[in-house]
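This report refers to the structure that appears directly beneath it.
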Amino acid sequence: MPLVARERAIGALVAVDAAERRFGPDEIRLAEAFAEGAALALDNARRYAEADERRREAEILADLGLFINSSLDVDTVPQRIVDGAKELCSSDLARIALRDARTGAMIFRYWTDRPALAEPAEAGWALTGRNYLHAARTEGVIADMVVPLVIDGRTEGLLYVNHRSPRLVTARHEAIRQRLADQAAIAIRNARLFEETERRRKTAESLIAVARLISQSLDPD
């Protein structure tokens, strides 16, 4: 008997007998009644689970948003996002790779569990390179999603979410990963701007201090 909820088949109730027989009308009606009740119960349970999951997601994203807005630490914020990605996506592993300014390579900087892949992977090569595939197999990863961290129109990093067991990824899950990647990109950009501002401030202070010394003394030493 099909289990139908909101005009959609979500499963089936199957009754079997070892002996050859024909099910009578009363038995069929009873099975239909059981199927109807089972469909209603399963649908209610699924809707409750989805609502609870969405509530948990909203709480985690809100906490991340508050943390990002209150911190400009270039290391603390990405690590918090990695931890949040693992929790939100119910994944086994999560990590962030950032582009090296000198070489352009993507290098893992933040992770929930230290990756087996230690060598940097070139941007666009990490998803198919032998090193990354070997690392994924070593860690037992069978499902992998990677979302780019785009800063000022340029891919400056990659957010990895890994699973060691089969996982159905829905459009909602993809949207969550993209939102986390967007938050990570914003946080990294803000932290870099803050670091650059601090560097310029310290440089200006040093120049002022040198100018003050020059104006106060003619001693060459």
Side-chain angles (χ1 to χ4, degrees), residues 50 52-127 132 135-136 139-165 167-199:
E50 289 176 359
D52 188 61
E53 185 177 3
R54 290 178 185 275
R55 177 191 57 77
R56 184 175 62 87
E57 291 169 358
E59 290 176 352
I60 294 174
L61 289 172
D63 288 342
L64 279 175
L66 290 173
F67 184 78
I68 290 171
N69 291 330
S70 62
S71 176
L72 290 173
D73 190 331
V74 73
D75 289 321
T76 304
V77 173
Q79 184 61 51
R80 184 71 173 268
I81 289 177
V82 164
D83 295 336
K86 179 180 178 181
E87 184 177 358
L88 271 175
C89 301
S90 300
S91 65
D92 298 295
L93 302 168
R95 60 193 70 165
I96 286 179
L98 295 179
R99 183 187 298 278
D100 182 77
R102 183 177 59 86
T103 65
M106 289 291 179
I107 301 176
F108 287 111
R109 300 291 189 190
Y110 312 95
W111 46 74
T112 52
D113 297 282
R114 190 173 186 86
L117 181 62
E119 297 298 325
E122 295 296 334
W125 176 81
L127 302 184
Y132 186 75
E139 294 167 346
V141 172
I142 65 171
D144 194 2
M145 175 173 280
V146 185
V147 186
L149 308 183
V150 181
I151 301 175
D152 296 330
R154 175 182 169 90
T155 299
E156 293 291 344
L158 301 167
L159 171 63
Y160 290 75
V161 179
N162 315 123
H163 298 275
R164 293 193 177 107
S165 57
R167 175 74 186 275
L168 176 64
V169 178
T170 66
R172 183 166 61 85
H173 294 139
E174 292 182 8
I176 290 173
R177 288 167 171 82
Q178 187 60 60
R179 184 170 178 181
L180 286 170
D182 292 342
Q183 286 187 328
I186 292 171
I188 292 170
R189 180 178 183 275
N190 290 343
R192 287 178 176 178
L193 289 174
F194 178 75
E195 283 191 340
E196 178 64 16
T197 301
E198 283 294 290
R199 185 187 67 79

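Quick note: residue numbers are just sequence positions, from 1. If you're wondering where the values come from, they're calculated on a predicted model, not measured in any experiment.
- Residues Tyr160 and Asp144 meet the side-chain proximity criterion, which asks for heavy atoms closer than 4.5 Å.
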> Please walk me through it: do Leu61 and Leu180 pass side chain to side chain contact (heavy atoms under 4.5 Å, CB included)?
Replying inline: CA-CA 8 Å; Leu61 289 172; Leu180 286 170; 4.0 Å; yes
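- Among all heavy-atom pairs drawn from Pro148 and Thr155, the shortest one is CB-CG2, 3.9 Å.
- Shown here for Gln79 and Trp111, the closest heavy-atom pair between the two residues is NE2-O, 3.2 Å.
- Every residue meeting the side chain to side chain contact (heavy atoms under 4.5 Å, CB included) condition with Glu59, not counting sequence neighbours, appears here in chain and number order: Arg55.
- Rounding to the nearest 0.5 angstrom, the gap separating the OG atom in Ser91 from the CE atom in Met145 is 11.5 Å.
- Residues satisfying the side chain to side chain contact (heavy atoms under 4.5 Å, CB included) criterion with Ala181, sequence neighbours excluded, are Val147, Leu149, Leu159, Gln178.
- The line from CD1 of Ile60 to CZ of Arg80 is 10.0 Å long, rounded to the nearest 0.5 Å.
- With Pro78 as the fixed residue, the side-chain contact (heavy atoms from CB on, under 4.5 Å) test singles out one of Ile96, Leu98, Asp83: Ile96.
- A pairwise comparison of heavy atoms in Leu93 and Arg164 identifies CD2-NH2, 3.7 Å as the closest pair.
- Asn162 and Asp92 are not linked by any side-chain donor-acceptor pair at a separation below 3.5 angstrom, with hydrogens and angles left out of the test.
- To the nearest 0.5 angstrom, Arg109 atom CZ is 12.5 Å from Arg99 atom CZ.
- Note that CD of Glu50 is 6.5 Å distant from CZ of Arg54, once rounded to the nearest 0.5 Å.
- Side-chain atoms of Glu156 and Arg189, non-hydrogen and from C-beta on, never get closer than 4.5 Å to each other.
- Using a 4.0 Å cut-off between charged side-chain N and carboxylate O, Arg199 and Glu196 make a salt bridge.
- When all heavy atoms are compared, the tightest approach of Leu88 to Arg56 is O-NH2, 4.0 Å.
- When all heavy atoms are compared, the tightest approach of Val161 to Ala85 is CG2-CB, 4.4 Å.
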